[in-house]
Each structure stands twice: as C-alpha cells, then as structure tokens.
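As the structure is a computational prediction, the values presented were derived from the model and not from experiment. All ligand and atom numbering here is 1-based and tracks the order in the structure.
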Amino acid sequence: MIAETILRDVFGYSAFRGAQAEIVAHVSGGGDALVLMPTGGGKSLCYQVPAIARHRAGRGVAVVVSPLIALMHDQVGALEVAGVHAAFLNSTLSLAETQQIEREMMSGRLVLLYVAPERLTTPRMLAQLDALNARGLLSLFAIDEAHCVSQWGHDFRVDYLALNVLHERYPQVPRIALTATADALTRSDVIERLALGEARIFVSSFDRPNIRFAVVEKSEARVQLLRFIREEHEGDAGIVYCQSRRKVEETAGWLAEHGITALPYHAGLEADMRRVNQDRFLREESIVMVATIAFGMGIDKPDVRFVAHLDLPKNIEAYYQETGRAGRDGLPADAWMAYGLADVVNQRRMIDESPAAEEFKRGQRGKLDALLALAEAHDCRRVRLLAYFGEASAACAEHQNACDNCLHPPATWDATEAARMALSGVYRFHQQRGQRFGAVHLIDVLRGKRSEKVEQYGHHALSTFGIGGELGEAQWRAVLRQLIALGYLRTEGEYNTLELTSTAREVLRGEVRLLLREPSAAAGRKRSKKVATPRGKGKAPPVPLSAAGLARFAALKAWRAEIAREHNLPAYIVFNDATLAEMAQAAPDSLAALARINGVGAKKLEAYGRQILRLLDNR
Ligand code: ADP
Ligand code: ZN
C-alpha cells in the first residue's frame, strides 16, 4: 500500500494510529473528510500522507490553511527535514521569497503549501489557484483548526468564513477539515459553513490516556503550583494558564524568583516579546510559559509535560483544549488545576455582567455548571470529561495515567446538615431587614466568631450564631463553594453577597443529600508525594534506561541540539524524545537497525544515520 510506504519511508512510523489509515485512504482517493481528533491524536499525517500520495500521482500541490503564521515555519521545517518539499506563504516573507515560492507552486513541484486564511482568499492567490486547477495541479485542501469557522467556539476567526469559496470554486478538489473541538454545536457549524455536507465524518475517541487529570483545592495557588512543579516537573516544559494579564505577569515573575524558568505571554505584550517568548518555549527544553488563553492554539510542541490552571477556564471545551496541549508525544503528562470558591464566584459574575443576550448567557451558565461538576467530582474525572463529549468510557484504572480520583479515591463526608445550616444562615440575615452578607461573614457567624461586624449587626443574637462551630473555615468554604457550584446559592453585586436561589428549599427541607470531598491541604500534599513519578530532574528519558543507555541518551540529545541550532528548528523536529530514547535503548549498530526505530524516516536516515551510528559506537 502506497500510504503505508509513505508513512514508513518519509515519517519513519511503522503503523497508522486509529482512524488515520481510513482517513488517508478516503482523502487520497479524492473524498472530502471532516476529522475530529483530540490534540496529539495525529491529525497532521491525515493530510500530509494524502498530499504526498497525490503529488506522487502527478496531482500537484496541496494547500493547507492554518491560522497561525508564527508556527508555519516549524511545520514546513519538519516536512523539509523529512524530505518533503513544502513552503509557506505569509506576511513575514520578502517579495523575492514570495515570488520564489509562487514559482515552486505554479510549477507543481511543491507538495504542500501552508497559507493563512486571509491570504488564501485574496484575488491574487485565487487567480493562481485557478491557473493551477486548470492544469489539474491542485491536489487537496486541508483546513486545519476548522472550528475557527464557528462563532460558538472560542477561537472564531472571521477569515475562516470566506473558506467556503474553496468548495464553490474547486468542487472536484478534495477537502479535509480537521479540529480537536468536539462538541455537537461546533461540529454542525463547521459542516454548514464549510459546505461539508457530503464529507465523511471521522470521529476519534477523545480520550487522552497519557494525561492525568487532577484538581486540587485552592489555598495559596502560587505556592501549590510551585510545589507541584518542583515535586513532579522540575526541569520540564509546561504551560500555566491564568485569567488576567496582570496575574500572568505576577505569576511568571514570582516563579522566576523561585528558580523556575518562567516566561509571560498575553495579548497585551509587545508582538516582539510574544514572539521571542514563544520561540524560546518551542526551542528550549524546560520553559514554563505563564499565559492567558491567547497562548496555545496551534502550539504543537510535543513534549509539554504539564498544563496547569490557576484559574477556572470558561467551560469544559476550553479546559480540554488547553489541557490537551500536554503530552502530545504520548508520554505521561499532567493536567493540574487549582480551584476554589472565588473561581466559582468570578466565573458566574463574568457571565452575569457580560453584555450578551440572555439566551447566550443561559448557554454559558449551563456550560460552566458542567465544568464545576467536573471540578467538584469525587468519581473518575476522565469518565465525566468524555461523557461530556458524548463518549462512554471506562474509569481510568485501565489507563496508562489515571486521574487523581481514581488513583486516590477521595474521602467524602455527608454535608447535608452543614448545607442546611449555611442556607439557614443566609436566610436569617435576610429576615433581619432584608440584609445580605458575603461568605466570610457568614462563616464567622456559623462558627460563632464575635468579629467586629458580628457585633455591629448584632448577629451574635441570631439563632444560627455558632451552630457550625465544629467545622473549620476551610470546610465551610468548601460547603459554600459546593452550594454555589450546584446553584443553591448565588452571589450578588460588588461584594459577592450571598442569596438563596429558588432551589435552596430542597436542601433546607432535607430533600437532597450533599456528599462533599473531605477537604484538607494535607490530603493534597499526600497525594502528590505518592503519585510523583520519579522523573528525576527533567532531563530523564521517557523510558527507563541502563546507565550506558542514559549516557547514550544524553549524547544524542546534545547532538540533536546542535543539529537543531544549525537548521534553526526546535529540537523535537529533528527527532523527538521518544525516538532518541528508543535509539539509546536499542543502540542500533547498522543503518538497517537504525531505520527500524520509530520516527526514523528515509531522509533522516540518509542525512543523520552515519553520524548517529558513529556517536553510538563511541559510547
Ligand atoms: P495533532 O495535530 O492531532 O495534535 P500531531 O499531528 O501533531 O497531532 O501528532 C502528534 C504526535 O504524534 C506527533 O509527534 C506525531 O509525529 C505523532 N504521530 C502521529 N501519527 C503517528 C503514527 N501513526 N505513529 C507514530 N507517531 C505518530
Ligand atoms: Zn479516573
């Protein structure tokens, strides 16, 4: 089979993964496809292999639409290193460079051309495509990050809307649209707006078995983050998401003060600085990028070992997309989130205060609720995540990397009585001249603390004063957080004062039972100790190696760094960690043996094979 030959010879892989084989066959044969596959699932090969196959059959150039011009350079670099003639057209090129690439394209010699959507739909580009098409040299359109066409999604790009022109103008050229966004609304939007009604739809499992999902109760988020990085990811590359630009800068600065190589990234930074920081993140090995959601789409660095959230994302789609940037290489990675009462309150308020239409807000509230349920869950988080995307799955006991709840099922306690106390507390305030108070004051009253405010309002005289003295502050915060997350309480106004909702009555009457996770910072600490995989100091290989193997691995990495510098490409494009580790373990002593290592294609074998053998021979 030609596709398998290409996979082996060009990319050095022994077999297609999951639906790849079917997709490649369908598209190579001229069919349209919509591919829904999680991040790291291997979407690129789904259009790269058909592009190569069709090019070999004399069908010319495949055009890849990709939204991020900053990353085209590396994508094209990776193909060229593998011996595939590829190029990109974007605003960073000089006129002479552009003309050179246009000549390559018009000759049909180019196999893949990457362009930004706004470029593709210019009259000049369309005229060139017309000319190519007239000569039968337009082999394929690949539309990457296809969810950008949907206004429902979080990455809407108006330029994507114009892409339906491709279908109208070149109906016989196959199109493949790809995305890692799985929800039904986005999916139907993509189909409609890109006119993919006839396309075959390939839905892969969205499970990411190598990612461990964990949510910790927020106490001092930065300190918790630092401990997490030090204990489990010293020297690893990772992404830390924060909600605001200010928090991004503060957190990056604070981590740096504590010896972590952390850089900030948000839309408010100078374009130059953003580029430099992104470049360092891609090229160096152990940068922690502290960022707003402005960072990440299209970042296909495969060895990101963790994604941490210091603030709650908007919804599960965003959470899964962001955490999905961890562990694209299939090696163990962490999705870690610190979550607390303030997150619930803030997210709720952001929706309430947004100028959007009420119907839209209702949708957003529903999505937030689903995320809150995930954060509060005491059962398998993976099962819940996948269920959200309409996929049934087994709990992670069967996975390579289980979620926190499966690894250490959390103790729960029956908080029904406590919840009733809290709601009565709010009710009593209200009874007294319709007053409202925030969580801190309520907790003081329940715990019987005679604060200044308690004295001022005479709240020590309330029947609820001191009824909850046996619970600690943290426990009360957890109770309130749950009540808000579950919609029995809501917060109002600038001071986040608490108010009962219409469903609070169910709890007050004892009609619902509330089971909460046992809160304790100590439990969190125990967890991370036990779970910590001995990855050493981040320079450790992805598979266990003997002492000699470790020496070979280190030598290979040093060699790779030199080659990467020479080509001005990220190291993983030369060979990724998994490939180097396999070389170090197998220590091949012939070109034939080296060719059998996953990730060693014909071109790389020819270019580097002898160097590698020499290097291994000297160890
Ligand atoms: P996506 O775009 O879906 O996030 P990529 O196309 O970047 O994923 O692929 C993720 C990683 O998996 C890459 O390092 C890629 O080389 C690797 N990969 C993809 N398909 C295969 C395969 N069939 N065999 C081995 N590795 C693969
Ligand atoms: Zn689980």
I'd like to check whether [X] has a polar contact with ligand 1, where a contact means an N/O of the residue lying under 3.5 Å from an N/O of the ligand.
X      : answer
Asp300 : no
Asn576 : no
Gly40  : yes

If I compare all heavy atoms of [X] with all of [Y], which pair ends up nearest, and what's the gap?
X      : Y      : value
Val49  : Phe11  : CG2-CE1, 3.9 Å
Leu371 : Pro313 : CD2-O, 3.2 Å
Ala326 : Asp334 : CB-O, 4.1 Å

message: If the contact criterion is a heavy-atom separation under 4.0 Å, does Thr39 count as touching ligand 1?
response: yes
Looking at [X], which atoms of ligand 1 are within less than 4.0 Å of one of its heavy atoms?
X     : answer
Ser44 : 2 (O), 5 (P), 6 (O), 7 (O)
Ala15 : 22 (C), 23 (N), 24 (N)
Pro38 : 3 (O)
Leu45 : 19 (C), 20 (N), 21 (C)
Phe16 : 23 (N)

Nearest-neighbour protein heavy atom for [atom], which is reported as residue plus atom name and distance:
atom                    : result
atom 8 (O) of ligand 1  : Gly42 N, 3.2 Å
atom 20 (N) of ligand 1 : Gln20 NE2, 3.0 Å
atom 24 (N) of ligand 1 : Tyr13 CG, 3.5 Å

query: Is any heavy atom of the protein nearer than 4.0 Å to atom 13 (C) of ligand 1?
result: no
query: Taking the Zn ion (ligand 2) as the vertex, how big is the angle to SG in Cys406 and SG in Cys396, rounded to 10°?
result: 110°
Are any of the side-chain nitrogens in [X] or [Y] under 4.0 Å away from the carboxylate oxygens of its partner?
X      : Y      : result
Asp300 : Arg328 : no
Arg384 : Asp379 : yes
Asp303 : Lys301 : yes
Glu285 : Lys557 : yes

- prompt: If hydrogens are left out, which of Met37, Arg17, Arg328 has an atom nearest to atom 27 (C) of ligand 1, that is, the closest non-hydrogen atom?
  reply: Arg17
query: So, for Tyr320 and Phe389, is the gap between ring centers shorter than 6.0 Å?
result: yes
task: Give me the one residue out of His309, Lys218, Glu376, Glu217 that meets side chain to side chain donor-acceptor pair (under 3.5 Å) with Tyr339.
output: Glu376
field: Thr579 versus Asn576, side-chain donor and acceptor atoms under 3.5 Å
entry: yes
